[in-house]
Amino acid sequence: MELNSIFVKLSNVENQQNQDSNQPLYHQLDNFKPDTGILGPNNPPWNSPVAFLMWMASIALIILIPTIGIAIYLLTKEVKLNDAQKLTDLINSDSNAVLVNIICVIPAHILTILLAWLVVTNNRKQSFTEMLGWKLGGFNFFYLVAIVVGFFVVAGVVGYFIPEKENDLIKILRSSRTAVLAVAFMATFTAPLVEEVVYRGIMYSAFQRTFGVATAVGLVTFLFALVHVPQYYPSYSTIFLICLLSLVLTLVRVKSENLLPCVILHTIFNGLQSSLLIAEPYLQNLSTESPQPALFYLLN
């Protein structure tokens, strides 16, 4: 009798599994419950309020540190800090002030990544790479190349039909050759890692657990684009590309369940643009009268 009872139970389990496998995919996803006991990229040791505070802290640092740097520089020029009009004129016209502002972003990035490290590791209790997902997650070299090529094709088409308009970043790049090199360095070596850790790492990981994948994708895409609007307005083509890039990177994070492919793609995007900026004066077929190409450096 006991043996027959075991066979009956096994048969019921097998029938239930067959029924589950025959259900539509959306039913299977609705019934899926992650193992909340295992910490990882989709079940992080931080929550959504902490993620939002991390985002606010990253913005505060990117504003505060350059502001302090500019204030110190202006004091050396014997400019009164209470003279708002004179301050504005000097900052906009002084190439050294522009350069100080750019360089000060780098320590802001360093402080941001240190704070993010404390959040991700739960104050050194967890592995930084394991909590963020430091694997390719199925995105091999050819997939990454296809995404890069596809995005730049879209960017080229958008830039052709909707030319880049004057914005704060273009003014910075025109201020001096040193400013171009500083922007290129930052956009390639610090901004991709910092921004991916904050947005697709800390924020998406917490938001998808709290609000679901679709809402998390929308929130991260929107907030990422939002902080870049001031430096690119009124260049609508670049703002559109920023939104598109954020969406692509966030969807890569969803599909791979790892942050590493996002960091690689972001670095490639910015690195290619930085190379073009540095090489621009040496390219014979570029005219100084031609409009600036669409630029979407992600400076946080």
Side-chain angles (χ1 to χ4, degrees), residues 58-59 61-81 83-112 152 155 159 163-195 227-239 241-242 245 266-300:
S58 69
I59 296 174
L61 287 170
I62 213 72
I63 294 173
L64 181 62
I65 303 301
T67 299
I68 293 174
I70 287 291
I72 294 173
Y73 172 75
L74 293 177
L75 288 174
T76 65
K77 304 292 285 187
E78 298 183 354
V79 177
K80 294 181 179 180
L81 299 181
D83 190 342
Q85 185 58 48
K86 192 172 183 179
L87 282 175
T88 302
D89 293 340
L90 180 61
I91 292 172
N92 291 334
S93 61
D94 190 331
S95 60
N96 289 329
V98 174
L99 185 60
V100 168
N101 188 46
I102 299 170
I103 293 175
C104 285
V105 173
I106 296 177
H109 279 171
I110 294 173
L111 290 174
T112 300
F152 275 103
E164 179 81 359
K165 292 184 179 181
E166 185 84 1
N167 56 59
D168 287 346
L169 179 58
I170 289 180
K171 293 177 183 178
I172 290 173
L173 295 174
R174 288 175 177 169
S175 65
S176 70
R177 182 65 178 167
T178 307
V180 171
L181 296 176
V183 168
F185 175 86
M186 177 176 51
T188 304
F189 296 105
T190 64
L193 176 62
V194 172
E195 292 188 342
V227 299
H228 291 87
V229 168
Q231 72 188 98
Y232 295 115
Y233 183 82
S235 183
Y236 298 110
S237 59
T238 307
I239 293 173
L241 291 173
I242 285 290
L245 180 59
H266 200 150
T267 303
I268 293 174
F269 287 137
N270 284 17
L272 288 175
Q273 291 176 97
S274 297
S275 300
L276 290 174
L277 264 184
I278 293 172
E280 186 177 3
Y282 309 105
L283 299 178
Q284 299 296 325
N285 60 338
L286 289 181
S287 170
T288 57
E289 299 299 323
S290 61
Q292 285 275 357
L295 299 169
F296 37 92
Y297 286 101
L298 313 181
L299 307 183
N300 203 352

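All values below were derived from every heavy atom in this structure, side-chain atoms included, with hydrogens, water molecules and symmetry-related copies excluded.
- Annotation for Val100 and Ile70: closest pair CG1-N, 4.1 Å, computed over non-hydrogen atoms.
- Nearest heavy-atom pair across Pro163 and Ser237 is O-OG, 4.0 Å.
- For the atom pair CD of Gln231 and OG1 of Thr238, the computed distance is 10.0 Å after rounding to the nearest 0.5 Å.
- Nearest heavy atom pair, residue Thr188 against residue Ser274, reads OG1-OG, 3.0 Å.
- The line from CD1 of Ile170 to OG of Ser235 is 6.5 Å long, rounded to the nearest 0.5 Å.
- By the side-chain hydrogen bond (donor to acceptor under 3.5 Å, both in side chains) test, Thr190 is found to be paired with His109, residues two or more places apart in sequence or in another chain being considered.
- In this structure, the side chain to side chain contact (heavy atoms under 4.5 Å, CB included) partners of Asn96, at least two apart in sequence or on a different chain, are Tyr73, Asp94.
- Partners of Leu181 by side chain to side chain contact (heavy atoms under 4.5 Å, CB included), not counting sequence neighbours, listed by chain and number: Ile278.
- Counting all heavy atoms, side chain and backbone alike, Ile63 lies closest to Thr67 at O-OG1, 2.6 Å.
- In terms of heavy-atom proximity, Ser175 sits nearest to Ser95 at O-CB, 3.6 Å.
- With values rounded to the nearest 0.5 angstrom, Cys104 atom SG is found 7.5 Å from Ile72 atom CD1.
- Using cut-offs of 30° and 60° on the angle between ring planes, the pair Phe189 and Phe185 is tilted.
- Distance check, rounded to the nearest 0.5 Å: CD1 of Ile172 to CG of Asn101 gives 6.5 Å.
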